[in-house]
A.B. asks: 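Sharing a structure below in structure tokens format, with a few things to ask.
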Amino acid sequence: MMDTVLQENPLKEGLGGRRRPDPFTFVIFGAAGDLAHRKLFPALYNLMVDNWLGTDCRIIGVARRPYDDGEFRREVAQAIEEHSRRKPDPAILNRLMENTRYVTADFNDQDQYQSLREQITGPDFPKNYLFYLATPPAAYPVIAAHLGAVGLAHAESPEHWVRIIVEKPFGHDLESAVALNHQLHQVFDESQIYRIDHYLGKETVQNILVFRFANGIFEPLWTRQYIDNVQITVAESLGVAGRGSYYDHAGALRDMVQNHMLQLVSLIAMEPPVAFEADAVRDEKVKVLRSIRPFSTRDVADYTVRAQYEAGSIDGEMVPGYLDEPDIASDSRTESYVAMRLLIDNWRWAGVPFYLRTGKRLAKRATEIAIQFKTAPHRFFQQTETPELSPNLLTLKIQPDEGISLRFGAKVPGPEIRVRTVNMEFLYGTSFAGAPPEAYERLLLDAMIGDSTLFTRKDEVEAAWTLVSSILHGWQRARGPIPTYESGTWGPEEADTLIQQNGFHWRRP
Ligand code: BG6
């Protein structure tokens, strides 16, 4: 077990060492929806518990549904009750509710933005504004344009600010992402736009940078000279979970790879930034995305696999196949699984394959990054190695059993030199007792204080879509059914073939 000095506990301290936001008015469009209920309000509640909301934070929920303030507050309180990581304290919950109001609005109706403006520029509301687009994506440009038209997109005076958080999906392909960037930029400056990717708010994802750049011993090894291959797995046991109508138009490539998985690749592969500040970090991440070799049609056939789940058993329970899920077209060819090999054509990574796989209804929920090192140049103990001796492997376990594990060979006690594989483990839960803050807590707070390091910049999102679009184009040309895999397994055989071409195997998380 790695020794950890428990002088301070960053998880327990939560988001320690940061300033609190200025007084601000937080306007959530789509406040009656699932995301607001499951993530945003519980995050606001927990930020309030930890005293992060500053002296004055007013919340306005905006949606089509005709609630009054009372009904809305009751529903929000119930959502917090159900989804907060902490059991709500009635006094704190009341304080949050006192600051929460509701406005019924049709997102297309200019007059309603005018009355929203009259309300939030009135004497009761702080003049810093944070807008959150938690609506269906078609409404993003509409809301942005209306905010601009009623003069809410820019601050009243230089000491005030206006920011806008945009949820995923950010576009459906490269063209739509470029168009959305263009529409947002007609109203907001890039510095005001916070494109959210909740993976960047996860503690263990942020720890990738700390692990690499706050320690002296790993970075010298972090190159093609020592690393043989990298495997990134984002496995889910859940199916489409009631989101069939969205998911069937998206699929695993758009839903998980374009954003979360390419973010993980960038953090693993980036060069050290010149400073730990927003643009410096994002400059390096963009360079990685631009260095990934785009897929030709031939590469798509050879180095990507997509598949759909069939019925099967998860945790002892039978689950339906993808095509039998609600709101899925009966002849759908949308992938619920994707695996691929990426190559990063730059000085550090040339020739090191990065294998990515993600899927729904896999054997278990597990997100991890496994970095496999090259074997020792000469194997002295070859005669007496046990058969299972494997190359050194560093595994960053993102969820659910957060930690880091290093696999190496050790001498089996006894008179002979026999070598066997053992693991050195660091477990977050053991070293930093207590549940870490939720990703949305961190990201909301960052947007409130104006730190965009963990948000995706325009060029980053477009670089990710450029790569993903090259795969989508290849897939569009392929005809016929797509492969399938049984729910509760680790995916289709085709994915095994993909990785075995280079003599590797998928890891069992
Ligand atoms: C979302 C996807 O962005 O991420 C979902 O739309 C997916 O399909 C989810 O289930 C996974 O997030 P997490 O935090 O549970 O790994």
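Residue indices begin at 1 and follow the sequence shown. Indexing begins at 1, ligand by ligand and atom by atom, following the structure's order.
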A.B. asks: Under 3.5 Å, which donor-acceptor pairs do the side chains of residues 312-329 form with other protein atoms, sequence neighbours left out?
C.D. replies:
unit_1 : atom_1 : unit_2 : atom_2 : d
Y322   : OH     : D248   : OD1    : 2.6
E325   : OE2    : Y309   : OH     : 2.6

A.B. asks: Taking any residue with a non-hydrogen atom under 4.0 angstrom from an atom of ligand 1, which ones do you get?
C.D. replies: K168, H198, Y199, K202, E236, R243, D255, M256, H260, K360, R365, Q399
A.B. asks: Can a donor-acceptor pair be found between the side chains of T367 and Q399 at a distance below 3.5 Å?
C.D. replies: yes
A.B. asks: What pairs of residues pass the side chain to side chain donor-acceptor pair (under 3.5 Å) test when at least one of them lies in residues 36-48, not counting sequence neighbours?
C.D. replies: D34-R38, H37-E75, N46-S84, N46-R86
A.B. asks: Taking side chain to side chain donor-acceptor pair (under 3.5 Å) as the cut-off, I'd like each qualifying pair that reaches into residues 468-479, sequence neighbours left out, listed once.
C.D. replies: T304-W475
A.B. asks: Does the side chain of E493 come under 3.5 Å of the side chain of Y485 through a donor N or O and an acceptor N or O?
C.D. replies: no
A.B. asks: Between R357 and T233, do the side chains contain a donor N or O and an acceptor N or O under 3.5 Å apart?
C.D. replies: yes
